[in-house]
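Numbers for residues simply follow the sequence, beginning at 1.
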Amino acid sequence: QVQLLQSGGGLVRPGDSLRLSCAASGRADAGYTMAWFRQPPEKDREFVAAVKRYGGGTSIANSLKGRFSISRDRAKNTLYLQMDRLKSEDTAVYYCAATVSSLITSSLAQDQMYEYWGQGTQVTVSS
């Protein structure tokens, strides 16, 4: 069983930066493909960023490139999402996700490919 424990989030002002963390426990030896998704108010869940199980290749939603970045500390089994120059439209519940499958790049953004999910954390960007 894999558990994902998220931390970070909160209320910030437009232009601020924020970092989310997601610590994975269980089956640590297997390695994971890990990702971030978000669900804005009254909207569907959307892909934010992902990092592949092997090789460290990353994928970021086109609309977020240049402001968001994803990284992973394998030793700590922790995934990070660095969010810079935050905007009001970044307001959402952010979810960490993981799968023991090695996904191809075109599948990274598909939430149905991930079997493990964090509890979600609210990020609110408001002046």
Could you give all pairs that pass the disulfide (SG to SG under 2.5 Å) test and reach [range], with sequence neighbours left out?
range          : answer
residues 41-85 : none
residues 44-89 : none
residues 43-88 : none

Taking side-chain hydrogen bond (donor to acceptor under 3.5 Å, both in side chains) as the test, write out the residues that go with Ser102, two or more places apart.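 None.
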
Kindly give the cluster partners of Phe37, where membership spreads through any ILVMFWY side chain lying under 4.5 Å from a current member.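 When side chains under 4.5 Å apart are linked, the cluster holding Phe37 also contains Phe47, Val93, Tyr95, Leu103, Leu108, Met113, Tyr114, Trp117.
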
Hydrophobic clusters join Ile, Leu, Val, Met, Phe, Trp and Tyr when side-chain heavy atoms are under 4.5 Å apart, directly or via other members; which others share one with Leu11?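 The other cluster members (ILVMFWY side chains, heavy atoms under 4.5 Å, direct or chained): none.
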
Which atom pair, heavy atoms only, marks the closest approach of Ala49 to Ile60?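 Looking at all heavy atoms of both residues, the shortest contact is CB-CG1, 4.0 Å.
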
Rounded distance (nearest 0.5 Å) linking atom NZ of Lys87 with atom CZ of Arg85: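 One gets 8.0 Å once the value is rounded to the nearest 0.5 Å.
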
Point-to-point distance, once rounded to the nearest 0.5 Å, from CG of Leu81 to CE of Met34: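 Reported value, rounded in 0.5 Å steps: 11.5 Å.
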
Going by salt bridge (Lys or Arg N to Asp or Glu O under 4.0 Å), name the pairs with one or both residues in residues 57-66, residues two or more places apart or in two chains.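 Checked against salt bridge (Lys or Arg N to Asp or Glu O under 4.0 Å) - neighbours excluded - no pair reaches residues 57-66.
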
Could you pull out all residues at least two apart from [X] that satisfy salt bridge (charged side-chain N to carboxylate O under 4.0 Å, His left out)?
X      : result
Arg67  : Asp90
Asp111 : Arg45
Glu46  : Arg38

Contacts under 3.5 angstrom, residues 12-24 side chains, donor-acceptor by atom type, not counting sequence neighbours:
| unit_1 | atom_1 | unit_2 | atom_2 | d |
| --- | --- | --- | --- | --- |
| Arg13 | NH1 | Ser127 | O | 3.2 |
| Asp16 | OD2 | Arg13 | N | 3.0 |
| Ser17 | OG | Asp84 | OD1 | 2.8 |

Within-4.5 Å side-chain heavy-atom neighbours: Pro40 and Glu89: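 With C-beta onward as the side chain, the pair stays apart.
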
Going by atom types alone, do Thr105 and Lys52 pair a side-chain donor with an acceptor below 3.5 Å?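 A donor-acceptor contact under 3.5 Å links the two side chains.
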
For Phe68, which residues count as a ring-ring contact (aromatic ring centres under 6.0 Å, His included) partner, sequence neighbours excluded?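 Applying ring-ring contact (aromatic ring centres under 6.0 Å, His included) to Phe68 gives none.
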
